[in-house]
Amino acid sequence: GMASFAQVEENVKVMGTRLGWHDRKVLSRYAQVTDKAYCRLCGECRDSCPYKVSIPEAMMSLLYAEGFVPLPLGQSLYASLAPHRNASKCLDCRKCKARCVNGLDIVSRMVRAHNLLT
């Protein structure tokens, strides 16, 4: 996300510019570091929780809170989930059936979401 017109202008200026070898290397390293840390919001896990936790919405709230937008927006989004659909059930669940097609540890992310956003 862009937070100012200056960022918009900067992004527009580089549109059409080809990425160099160094740029691709930096992006590749970044992808390796973040690959198993952030949800891609694909929604494949949506109905995999037997307790009906809204995994994608809780993940989006956590993404907001961890830096994409100010923490209160992530907290607000998380608070908008019905109490029976937030990640509170994940705190005591020992037999999570939810699986991420990209290998993300759903349980740890749900626990973090609940602890950070409540």
Side-chain angles (χ1 to χ4, degrees):
M2 294 172 272
S4 70
F5 284 112
Q7 288 178 337
V8 173
E9 289 172 356
E10 182 180 3
N11 288 340
V12 169
K13 285 179 187 176
V14 297
M15 288 176 63
T17 303
R18 296 180 62 91
L19 292 177
W21 175 85
H22 179 70
D23 299 320
R24 285 193 290 280
K25 186 173 179 179
V26 169
L27 288 173
S28 178
R29 285 185 185 164
Y30 180 77
Q32 289 173 351
V33 169
T34 61
D35 186 47
K36 301 296 184 212
Y38 294 103
C39 177
R40 296 182 181 126
L41 301 173
C42 69
E44 291 293 319
C45 61
R46 180 170 302 284
D47 297 320
S48 63
C49 175
Y51 296 107
K52 307 297 183 208
V53 170
S54 296
I55 297 169
E57 289 78 10
M59 289 287 192
M60 183 178 294
S61 301
L62 185 58
L63 284 171
Y64 282 178
E66 290 183 328
F68 289 108
V69 296
L71 177 62
L73 186 55
Q75 290 170 320
S76 176
L77 180 60
Y78 189 76
S80 74
L81 295 174
H84 66 281
R85 302 277 289 164
N86 72 27
S88 62
K89 301 264 193 236
C90 302
L91 300 177
D92 298 320
C93 183
R94 303 286 181 240
K95 298 179 183 176
C96 184
K97 296 183 187 321
R99 296 289 174 257
C100 173
V101 296
N102 296 303
L104 188 66
D105 181 352
I106 291 175
V107 175
S108 69
R109 301 304 290 162
M110 291 294 90
V111 169
R112 175 155 171 73
H114 189 74
N115 290 335
L116 180 65
L117 301 170
T118 57

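- Minimum heavy-atom separation, C45 to I106: CB-CD1, 4.0 Å.
- Cluster annotation: M60 is connected to V53 through the hydrophobic network of ILVMFWY side chains, with a link wherever side-chain heavy atoms come within less than 4.5 Å.
- If you take CG on N86 and OH on Y78, they are separated by 3.5 Å, rounding to the nearest 0.5 Å.
- For the residue pair L104 and A37, the shortest heavy atom distance occurs at CD1-C, 3.7 Å.
- Using a distance-only test at 3.5 Å, with no hydrogens or angles considered, no donor-acceptor pair links the side chain of Y64 to the main chain of S76.
- Taking Ile, Leu, Val, Met, Phe, Trp and Tyr as hydrophobic and joining them when side-chain heavy atoms fall under 4.5 Å apart, one finds L27 in a cluster with L19.
- A distance of 10.0 Å separates SG of C96 from OH of Y51, quoted to the nearest 0.5 Å.
- Taking a cutoff of 4.0 Å between a charged side-chain nitrogen and a carboxylate oxygen, R112 and E66 qualify as a salt bridge.
- Here the closest heavy-atom approach between residue C90 and residue V111 is recorded as O-CG2, 3.8 Å.
- Between M110 and I55, the shortest heavy-atom contact is CE-O, 4.0 Å.
- In plain terms, the two heavy atoms of G43 and P56 that are nearest each other are CA-CG, 4.2 Å.
- Here E57 contributes atom CD and S80 contributes atom OG; the two are 8.5 Å apart, rounded to the nearest 0.5 Å.
- You'll find the side chain of M15 reaches within 4.5 Å of the side chain of V12, heavy atoms only.
- Looking only at distances, a side-chain donor or acceptor of D23 sits under 3.5 Å from a matching main-chain atom of G20.
- Between L91 atom CG and H114 atom NE2 the span is 5.0 Å, to the nearest 0.5 Å.
- Annotation: the span from L62 atom CG to C39 atom SG amounts to 9.0 Å, rounded to 0.5 Å.
- For the pair A65 and L71, the tightest heavy-atom approach, listed with the atom from each and the gap, is CB-CD1, 3.4 Å.
- Put simply, M59 and Y38 are part of the same group of oily side chains (I, L, V, M, F, W, Y) that touch within less than 4.5 Å, one to the next.
- Rounded to the nearest 0.5 Å, atoms NE2 (H84) and NZ (K52) are 10.5 Å apart.
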